[in-house]
Amino acid sequence: MEFKNQSVLITGGNRGIGLATARLFAQAGARVAIVGRDADAGSAALRTLRDALFIQADVTRAADCQRAVDETARAFGALHILFNNAGIILRNRNVETTTEAEWDATLDTNVKSVFLMSRAALPHLRAAGGGAIINTASYVGLVGFPGLAAYAASKGAVVNLTRAMALDHAPENIRVNCICPGSVETDMIHHAWELYGDVTQAARVWADKHPLKRIASPEEIARVVLFLASDAASFITGAALPVDGGITAG
Ligand code: NDP
C-alpha cells in the first residue's frame, strides 16, 4: 500500500496502536502528524518516525483539536486521513462504582474526541476531494463486558457514530470506518495485567479469551487501519471491523 502525497493525523500516536500505525503510514510514504498529551512520549515517538510532526494536544478540548488539525494541514499542505485512536479505559467499574468524573473523562476521551477531531478535519478532507476517517472502537463496542460500564458505552457510541458519519459524508467521497480490536499488547493491556496481580497468569488468561489463543501485536491492528485508509477499501464505509482473534465470532 502506498500513501505518497497523503497526509495523516493520528490521535494517541505517541504510543501503542497509534504509534505502530504512524510507523506503517510513514514507511508507506505518508506525511504523519501524531497527537498526544505526553510530550516526552511524543519526542521519543518522533525519533522512530521520519519527517513526522508531534502536536501536544488534549483531544477532549475543542480548541486543541482545531489547533492539531490546522497545524497538520499547514505543515503538510492538506489533510487526507484522520485516525481517531486516543482512548482511556477504566477497569473494574460498574455503573454503581463509576464516579461522574470517571464517566465524563471516559466518554470525553473516547467519543467526544471523535466528534471534535472529525468536525475540525472534515473541511480539509472535503477540500482534498475526499478522504478517510478511521475510528478505534473495541470488541467491547460490539458486546458487553463486565466491569467496563463507561468504556463499553463509549466504544458502542464510537461504532454508531462511525455509521452516522459514514452516511453523512459518503456523498463527499469521505469514507468513515472503525476497527474493533481484541486485546492488543500495549501499555493499556500491561496495566490491566498489573491490576490482575500475577502478570504471567494474566497474560495467559487474556490470550485464552481469544479463539486464536493469543493477543494481537500493535502492528496487526495498524495494518488493518492502513487497509481501511487505502484504495483497497474504496467501497467500504460505515463498517465496524472486528480485529479480535475471533472473540466476537462466538
Ligand atoms: P495506550 O494506553 O498505549 O495509548 C493511548 C493513547 O491515547 C496514548 O497515545 C495517549 O497519549 C492517548 N490519549 C489518551 N487520552 C488522551 C487525551 N485526552 N488527549 C490526547 N491523547 C490522549 O493504548 P492503546 O494504544 O492500547 O489504545 C489505543 C486505542 O485502542 C484506544 O482507543 C483503546 O481504547 C483502543 N483499544 C485498545 C485495546 C488494547 O487491548 N490495547 C483493545 C481495543 C481497543 P497521552 O497519554 O500522551 O495523552
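Counting starts at 1 for both ligands and their atoms, following the listed order. Computed from a prediction, not measured in an experiment: that's the story for all the values here.
- The backbone N or O of V158 lies less than 3.5 Å from no partner atom in the side chain of N135, so there is not a single donor-acceptor pair.
- For H169 (side chain) and R175 (main-chain N/O), no donor-acceptor pair under 3.5 Å exists by modelled atom type.
- Salt bridge annotation for R31-D51: absent, with no cationic side-chain nitrogen under 4.0 angstrom from a carboxylate oxygen.
- Regarding atom 10 (C) of ligand 1, its nearest protein heavy-atom neighbour is R15 NH2, 3.5 Å.
- Between the S118 side chain and the F115 main chain, no donor and acceptor come within less than 3.5 Å of each other.
- Under the 4.0 angstrom criterion for non-hydrogen atoms, S183 is in contact with ligand 1.
- On a distance-only criterion, N85 and ligand 1 share at least one N/O pair closer than 3.5 Å.
- The single protein non-hydrogen atom nearest to atom 22 (C) of ligand 1 is A86 CB, 3.7 Å, given as residue, atom name and distance.
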Might you work through the side-chain hydrogen bond (donor to acceptor under 3.5 Å, both in side chains) test for S43 and D40, ending with a clear yes or no?
-> CA-CA 5 Å; S43 304; D40 291 340; 5.4 Å; no
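- In terms of protein heavy-atom proximity, atom 9 (O) of ligand 1 is nearest to N14 OD1, 2.4 Å.
- Here's the thing with D58: one of its N/O atoms is less than 3.5 angstrom from an N/O atom of ligand 1.
- Across the listed options I55, N135, I17, I17 owns the non-hydrogen atom lying nearest to atom 25 (O) of ligand 1.
- Between V35 and ligand 1, no pair of N/O atoms sits closer than 3.5 Å.
- Of the possible donor and acceptor atoms, none in the side chain of Q201 sits under 3.5 Å from a partner among the backbone N and O of D198.
- Nearest to atom 42 (C) of ligand 1 among the protein's heavy atoms is G182 O, 3.0 Å.
- Proximity of a side-chain donor or acceptor of R214 to a complementary backbone N or O of W206 within less than 3.5 Å is not detected.
- Remark: the backbone N or O of V176 is paired with a side-chain donor or acceptor of T237 at under 3.5 angstrom.
- Distances shorter than 4.0 angstrom occur between a heavy atom of I189 and an atom of ligand 1.
- Not a single heavy atom of S113 sits less than 4.0 Å from an atom of ligand 1.
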Please walk me through it: do D108 and T60 pass side-chain hydrogen bond (donor to acceptor under 3.5 Å, both in side chains)?
-> CA-CA 5 Å; D108 284 0; T60 67; 5.6 Å; no
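- With T21, I179, V59 as candidates, the residue nearest to atom 19 (N) of ligand 1 on a non-hydrogen basis is V59.
- Considering backbone and side-chain atoms alike, R37 places an N or O below 3.5 Å from some N or O of ligand 1.
- When heavy-atom distances to ligand 1 are checked against a 4.0 Å cut-off, T186 comes that close only through its side chain, counted from C-beta outward.
- Of the heavy atoms in K155, only side-chain atoms (C-beta onward) come closer than 4.0 Å to ligand 1.
- Backbone and side-chain nitrogen or oxygen atoms of P181 are examined, and none is located within less than 3.5 angstrom of a nitrogen or oxygen of ligand 1.
- Ligand 1 is approached by Y151 to a heavy-atom distance shorter than 4.0 Å.
- Shown here for I81 and Q6, the closest heavy-atom pair between the two residues is CD1-OE1, 3.7 Å.
- Electrostatic pairing of R67 and D64 counts as a salt bridge here, judged by a charged N lying under 4.0 Å from a carboxylate O.
- In this structure, C180 does not count as a contact residue of ligand 1, since none of its heavy atoms falls inside 4.0 Å of the ligand.
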Working for side-chain hydrogen bond (donor to acceptor under 3.5 Å, both in side chains), residues D244 and T248 | CA-CA 7 Å; D244 64 0; T248 55; 2.6 Å; yes
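- With a 4.0 Å cut-off on non-hydrogen atoms, D38 touches ligand 1 through its backbone as well as its side chain.
- With a 4.0 Å heavy-atom cut-off, ligand 1 is reached by the backbone of A57 but not by any atom from C-beta on.
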